[in-house]
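The figures that follow rest on heavy atoms only: side chains count, while hydrogens, waters and symmetry mates do not. Here is how names work: the chains are called A, B, and so on, in the same order as the sequence lines, proteins then strands, and each is numbered from 1.
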4 protein chains.
Amino acid sequence: MTEPKPLRADARRNRARVLDAAETVFAARGTGAPTEEVAREAGVGIGTVFRHFPTKAALLEAVLAERMRRFVEEAQSFAAAEDPESAFFVFLGRWAEMSAAKNAYTDALAAAGADVPRLGPEIGAQVREAVGALLSRAQLTGAVREDVGVTELIALMVGAARAAEYLGEDAALRARTLGIVFDGLRAR
Amino acid sequence: MTEPKPLRADARRNRARVLDAAETVFAARGTGAPTEEVAREAGVGIGTVFRHFPTKAALLEAVLAERMRRFVEEAQSFAAAEDPESAFFVFLGRWAEMSAAKNAYTDALAAAGADVPRLGPEIGAQVREAVGALLSRAQLTGAVREDVGVTELIALMVGAARAAEYLGEDAALRARTLGIVFDGLRAR
Amino acid sequence: MTEPKPLRADARRNRARVLDAAETVFAARGTGAPTEEVAREAGVGIGTVFRHFPTKAALLEAVLAERMRRFVEEAQSFAAAEDPESAFFVFLGRWAEMSAAKNAYTDALAAAGADVPRLGPEIGAQVREAVGALLSRAQLTGAVREDVGVTELIALMVGAARAAEYLGEDAALRARTLGIVFDGLRAR
Amino acid sequence: MTEPKPLRADARRNRARVLDAAETVFAARGTGAPTEEVAREAGVGIGTVFRHFPTKAALLEAVLAERMRRFVEEAQSFAAAEDPESAFFVFLGRWAEMSAAKNAYTDALAAAGADVPRLGPEIGAQVREAVGALLSRAQLTGAVREDVGVTELIALMVGAARAAEYLGEDAALRARTLGIVFDGLRAR
DNA sequence: TATGAATGAGCGTTCATTCAT
DNA sequence: TATGAATGAACGCTCATTCAT
């Protein structure tokens, strides 16, 4: 359903280029950036963008979906780590950093919780599952308090990313601030 | 500088009406809402809006500045409370709740740190001062850890407001999530 | 309902200019002509066209309504003529000529019978009434056969106008062709 | 001239399929329908459509030409009928009915007279000849007035088809209206 | 030869801003 | 000073046409 047609090789390459360009442009200039900017960045004609994504909303959705896919991937790559506590906090940290750099990553996470109608519920479920796995393992080791659920955790990540974005350049400052949230998450 | 001319009474009233309308409209429909919508809500002509705020950006800035003014006012009203610990946390809580409803309050706070050049540094300083006062008093009582600065605190508030906004309706869930951040702020 | 607001004098003048221009342009180049052409012909900016007629469809409707208004007016001016027979045929002839010159007049008549949703039923009724009055009087004098109804008559006018348009320049040829239809209408 | 090259069998089959599809699509959705719709209906790629008809205009012309070919064919099939009077009127009637359903047939006829330069004069001549034959025979029997020429007759048919189209569903109403034109054509 | 992806001019429409009333 | 009509740049999107596969 997600990939109804096996596109030609060149078409698939262009689709990917457009998606990359869209991520870059929307992150840099906001989602209000003209679609033509995306086309220019991708090095294709405006018609090509609309051939692959029939409306601007569809393009935004695709960007979101792609980000969520990457997020799930990264979360899963941490799931098998030896030390669940460090896996949990390192993942959170890395992710907040990423989000601060390309602010819109957070929107992707946020979207997992709610709507974005066309996205389908599955991808949101995958996000929750991936994060939940990391959380559970960290809780089992006693490192993270028991009364935190996946929903609260995702909300905190959304918020932490926003905070990191707000803080801007200063890495040490960001780390210290994030540390406060981490401390709140730890079992006493 | 902020109010170069002593406006006539009716002009001042119109300015205020436009500002109110802008806050309402932009909160409800986003900052992309047409300026004409603001004029309609204010019950004035579009020309009047542009007379008082020569560009749309200027209008947005003015809305932000107004929000920050109110924020400072509220922070100050908590500054004299008997119990500094509770004053600190209750203020944070109330404010996150408010922001959850009208998320743009957050943007206002965020703007205090950096961007929005036209806003002038004074108003940002006032915010920092007002929040700082609450923070210091709470730290003096030993309720809040010493290694938190005003900048980190504001970042956390920005993030907490975003988290609360993300969580939406469920007040208990919001309280629990906010509580995690609060626990992170407390001295051990 | 048709004129909700008493427009400013200059606004009304511009509205009329746009309507005139639209009639000219759509008649000459077809309804597919770009709206900007209409603006150019009217000597106004494109925004002005859309201020007065919020969509292109609305503009087309307005052109149609205006034509029907004129048609009714002309029919009424013939209604009081001394000789009903000549009034009837002269009106039909004049009107077919007009339509041949500006082909789209016919569409207006045709629209009186059916749809064009927004136009409201009243104007269609007015057309039928105006034509019906001419017809009845001519039938009373015995000049026109009794078994012709308003609907048939309008259909014939629509068709006659199309025929005249098809014939183009040659006035004598048009007159002869129209005469055949007229003969069909006469009582034997 | 019309078929410069003897196409390969499959190419000719594709050409015919495209032509059929074009007639169907343009009749249903108007001539503004995208060429891609025609390709889809024909079950071929868009490239194939443009290979056979290098522009959309060329495709429209071909559809017109095809319609006229059929028209001539039908007229000829009536030419040898025993009763010229009934052949004449039955043919006109049948044809107006057809046109009412697929109004664009009319345009095809109209095109025989003048415009559509590419169509070549021959096909127009064929139409005139075929209709003229029916007309002459009917005039010889005294059923149709002598002062009607082929041009007037075609114009009347164009108009009658338009009238029938205007009248829509009601077959009895269409017949009555057409009857008026027929009466105009009859000798007194 | 057939395909369908790519192209980009062009269209309808919006909205910040200006200016005559 | 207040009004709202006028302006036109800019945007999202379509579709005839081209061309690499």
Side-chain angles (χ1 to χ4, degrees), chain A residues 5 7-15 18 32-39 42-59, chain B residues 7-8 10-11 14 18 32-40 42-59, chain C residues 5 7-15 18 32-39 42-59, chain D residues 7-8 10-11 14 18 32-40 42-59:
Chain A
K5 290 177 205 161
L7 291 170
R8 272 207 234 150
D10 60 342
R12 190 156 53 239
R13 196 167 50 245
N14 267 346
R15 204 195 115 99
V18 168
T35 310
E36 230 172 300
E37 191 84 14
V38 173
V44 303
I46 183 68
T48 301
V49 175
F50 278 94
R51 161 172 280 268
H52 288 291
F53 307 95
T55 63
K56 187 179 185 182
L59 178 56
Chain B
L7 295 167
R8 274 166 34 176
D10 58 342
N14 268 348
V18 168
T35 311
E36 199 141 355
E37 193 84 13
V38 173
R40 190 157 35 243
V44 303
I46 180 77
T48 302
V49 175
F50 276 89
R51 162 169 291 272
H52 287 291
F53 306 94
T55 65
K56 189 179 184 179
L59 177 56
Chain C
K5 290 175 203 162
L7 291 169
R8 274 205 231 150
D10 58 343
R12 190 156 55 238
R13 196 168 48 246
N14 267 345
R15 204 195 115 99
V18 168
T35 311
E36 229 169 303
E37 191 83 15
V38 174
V44 303
I46 183 68
T48 301
V49 176
F50 277 93
R51 161 171 280 268
H52 287 292
F53 306 96
T55 64
K56 187 179 184 181
L59 177 55
Chain D
L7 293 168
R8 274 168 32 177
D10 59 341
N14 267 347
V18 168
T35 311
E36 200 141 355
E37 194 83 14
V38 173
R40 190 159 34 244
V44 302
I46 179 78
T48 301
V49 175
F50 276 90
R51 162 168 292 271
H52 287 291
F53 307 95
T55 64
K56 188 178 185 180
L59 177 55

Q. To the nearest angstrom, how far is A:D10 atom CG from E:dA5 atom C1'?
A. 6 Å
Q.
Need one value for C:T48: base, sugar-phosphate or nothing, where a base atom within 4.0 Å counts as base even if backbone is also close, heavy atoms only.
A. base
(Q) Need to verify one output field. Residue with the more 5' nearest nucleotide on DNA chain E, C:P34 or C:G47? (A) C:P34
Q: Mind checking the CZ-CD1 spacing from D:F50 to D:I46? Nearest 0.5 Å is all I need.
A: 5.0 Å
Q: On DNA chain E, check which nucleotide each of B:T35 and C:T55 is closest to and give me the residue with the more 5' one.
A: C:T55
**Q.** Among E:dG12, E:dA16, F:dA5, the one nearest C:F50 by side-chain distance
**A.** E:dG12
Q) Which atoms form the tightest heavy-atom contact between A:V18 and A:A42, and what is the distance? A) CA-CB, 4.0 Å
Q: Please state how far atom CD in B:E37 lies from atom P in E:dT14, giving the value in whole angstrom units.
A: 13 Å
Q.
Let me spell it out: for each of D:A33 and A:A57, pick the nucleotide of DNA chain F with the closest heavy atom. Which residue's pick is nearer the 5' end?
A. A:A57
Q.
Between C1' on E:dG4 and CZ on A:R12, what's the gap in Å once rounded to a whole number?
A. 15 Å
Q.
Nearest 0.5 Å, please: how far is OG1 in C:T48 from CZ in C:R15?
A. 13.5 Å
Q: Round to the nearest Å and state the distance from B:E36 atom CD to F:dT7 atom C1'.
A: 13 Å
Q) Whole Å only: how far is the CG atom of D:L59 from the P atom of F:dA16? A) 10 Å
(Q) Need to verify one output field. Residue with the more 5' nearest nucleotide on DNA chain F, C:G43 or B:V49? (A) B:V49
Q. For B:E36, does the CD atom have more than 12 heavy-atom neighbours from other residues, nucleotides or ligands under 6.0 Å away?
A. no
Q) Can you find a side chain N or O atom of B:N14 that sits less than 4.0 Å from OP1 or OP2 on F:dA2? A) yes
Q. How long is the line joining CZ of D:R40 and P of E:dA2, in whole Å?
A. 19 Å
Q. So which nucleotide from E:dG12, F:dT17, E:dA16 ends up closest to the side chain of D:K56?
A. F:dT17
Q) Considering only side-chain heavy atoms of C:R51, which listed nucleotide, F:dA6, E:dA5, E:dT18, is closest? A) F:dA6
Q) Of the nucleotides E:dT13, E:dT17, F:dA16, which has the atom closest to the C:I46 side chain? A) E:dT13
Q: For DNA chain F, produce a single dot-bracket line, 5' to 3'. Pairs: Watson-Crick or G-U wobble, both distances under 3.5 Å. Symbols: ( ) within strand, [ ] crossing, | other strand, . unpaired.
A: .||||||||||||||||||||
Q: Calculate the interatomic distance between D:H52 atom NE2 and E:dT3 atom C1'; express it in whole Å.
A: 12 Å
Q: Round to the nearest Å and state the distance from D:F53 atom CZ to F:dC15 atom P.
A: 21 Å
